[in-house]
> 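Quick one: the structure is below, questions incoming.
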Amino acid sequence: MQGKVLETAYRLIAYSYYGGKKTNAVRALKRRCPGWSKGEIEPWLEKGLAVQESATRWLKENEDAMRRQHRRDEPTAAVAESFHKAHPEWPPAALEALLNINFFYFYLK
């Protein structure tokens with residue numbers, strides 16, 4: 001569920017998917033996460049959007065370190081440890097994926 005929330009938040013912000021509307025993103029998550037109610041999904045999406053915004057800020061601050069790791073073809077987990085610590089409620093793998101897709105989209109075009 002959390003990975004899907006972060007992916008949806010990224011798509012909403014980076015690509016303006018779902019018509020750029022949170023309500024449409026909630027509906028999409030409802031389809032992707034059967035068994036979760038709208039009341040459960042909406043707060044998670046808000047949290048996901050906050051983490052997406054935090055990832056954007058973090059990447060701006062740590063761009064050089066991320067680029068060095070990428071050039072060396074090494075995992076970025078060590079560089080991203082401070083981001084993981086700032087968001088302990090999210091699985092590290094989901095946070096790592098969020099940082100990587102943001103990094104590739106915004107910095108390696």
Side-chain angles (χ1 to χ4, degrees):
M1 164 71 175
Q2 291 172 323
K4 291 177 183 177
V5 168
L6 291 178
E7 182 181 325
T8 301
Y10 166 76
R11 288 177 174 179
L12 181 63
I13 291 175
Y15 294 110
S16 293
Y17 271 29
Y18 319 109
K21 297 180 181 178
K22 289 180 191 177
T23 54
N24 293 345
V26 168
R27 278 197 300 263
L29 273 172
K30 182 92 172 96
R31 286 190 303 272
R32 294 178 73 200
C33 303
W36 285 77
S37 72
K38 183 178 176 183
E40 293 169 309
I41 289 173
E42 285 178 347
W44 274 106
L45 180 60
E46 288 298 325
K47 291 177 187 178
L49 291 169
V51 171
Q52 168 62 34
E53 290 171 11
S54 177
T56 302
R57 284 190 307 275
W58 186 91
L59 282 167
K60 285 179 185 175
E61 295 168 4
N62 295 278
E63 178 183 357
D64 292 339
M66 289 289 283
R67 284 185 185 280
R68 279 192 301 276
Q69 291 298 100
H70 178 71
R71 274 189 232 110
R72 293 181 195 150
D73 198 25
E74 294 176 358
T76 58
V79 174
E81 187 176 341
S82 64
F83 187 72
H84 294 189
K85 286 181 180 177
H87 303 285
E89 69 277 13
W90 298 90
L95 292 174
E96 190 73 21
L98 179 69
L99 286 176
N100 283 325
I101 59 175
N102 274 282
F103 180 66
F104 292 129
Y105 179 75
F106 292 110
Y107 294 96
L108 297 179
K109 286 183 180 182

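Since the model is a prediction, treat every value here as computed from it, not as a measurement.
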> When you look at NZ of K30, are more than 12 heavy atoms from neighbouring residues, nucleotides or ligands closer to it than 6.0 Å?
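Yes, the 6.0 Å shell around NZ holds more than 12 heavy atoms from other groups.
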> Of the non-hydrogen atoms in V79 and A65, which two are nearest, and what is the gap between them?
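Closest heavy-atom pair between V79 and A65: CG1-CB, 3.7 Å.
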> Hey, what do you get for CZ (F104) to CG (L99), rounding to the nearest 0.5 Å?
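F104 CZ to L99 CG: 11.0 Å, rounded to 0.5 Å.
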> I need the K21 NZ to S16 OG distance, nearest 0.5 Å.
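Spacing of NZ (K21) from OG (S16) equals 12.0 Å.
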> State the NZ-OG1 distance between K22 and T8, to the nearest 0.5 angstrom.
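Output value for this atom pair is 14.0 Å.
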> Please identify each residue that fulfils salt bridge (charged side-chain N to carboxylate O under 4.0 Å, His left out) with R11, with sequence neighbours left out.
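For R11 the salt bridge (charged side-chain N to carboxylate O under 4.0 Å, His left out) partners, ignoring immediate neighbours, are E7.
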> Out of curiosity, F103 CZ to N62 CG, how far, rounded to the nearest 0.5 Å?
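Reported value, rounded in 0.5 Å steps: 10.5 Å.
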> On a heavy-atom basis, which atom in E53 and which in I13 lie closest, and how many Å separate them?
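E53 and I13 have their closest heavy atoms at CG-CD1, 4.4 Å.
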> Taking only residues two or more places apart in sequence, or in another chain, which ones meet E74 in a salt bridge (charged side-chain N to carboxylate O under 4.0 Å, His left out)?
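Salt bridge (charged side-chain N to carboxylate O under 4.0 Å, His left out) check on E74 returns R72.
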> Is there a donor-acceptor contact under 3.5 Å from the side chain of Q2 to the main chain of E89?
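Yes.
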> I need the minimum non-hydrogen distance between G48 and V5, along with the two atoms involved.
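Smallest heavy-atom distance, with atoms named: CA-CG1, 4.0 Å.
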> Would you say the side chain of Y10 lies within less than 4.5 Å of the side chain of L98, judging by non-hydrogen atoms?
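Side chain of L98 against side chain of Y10, heavy atoms only: contact under 4.5 Å found.
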> Drop me the distance from W90's CH2 to L95's CG, to the nearest 0.5 angstrom.
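Here the interatomic distance stands at 8.0 Å.
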> Determine the minimum heavy-atom distance between L12 and L49, stating which atoms define it.
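The pair with the smallest heavy-atom distance is CD2-CD2, 3.8 Å.
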> Where is the tightest heavy-atom contact between P75 and Q69, given as atom of each residue plus distance?
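That closest heavy-atom pairing would be O-NE2, 2.9 Å.
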> Are the side chains of N100 and M66 in touch, meaning some heavy atoms are under 4.5 Å apart?
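Yes, close enough: below the 4.5 Å cut-off.
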> Ignoring hydrogens and geometry, is there a side-chain-to-backbone donor-acceptor pair from K4 to R32 under 3.5 Å?
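The answer is yes, because a donor-acceptor pair under 3.5 Å joins these two groups.
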> Is there a side-chain contact between R27 and Y18 (heavy atoms, below 4.5 Å)?
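A side-chain contact is absent here, since even the closest heavy-atom pair is not under 4.5 Å.
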> Test K38 against V26 for side chain to side chain contact (heavy atoms under 4.5 Å, CB included), laying out the working first.
CA-CA 7 Å; K38 183 178 176 183; V26 168; 3.9 Å; yes
> Does E63 have any salt bridge (charged side-chain N to carboxylate O under 4.0 Å, His left out) partners at least two apart in sequence or in another chain, and if so, which?
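R67.
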> Specify whether W58 and F83 have parallel, tilted or perpendicular ring planes, treating 30° as the upper limit for parallel and 60° as the lower limit for perpendicular.
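W58 vs F83 ring planes: tilted.
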> Measure the shortest side-chain to side-chain distance between Q52 and N102 over non-hydrogen atoms and say whether it is less than 4.5 angstrom.
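When only atoms from C-beta onward are counted, N102 and Q52 do touch, with a gap below 4.5 Å.
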> Could you pull out the closest heavy-atom pair between R31 and P34, with the gap in Å?
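R31 and P34 have their closest heavy atoms at O-CD, 3.8 Å.
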> Just how far is it from atom CE of M1 to atom CG of L6, taken to the nearest 0.5 Å?
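Between M1 CE and L6 CG, I get 10.0 Å after rounding to 0.5 Å.
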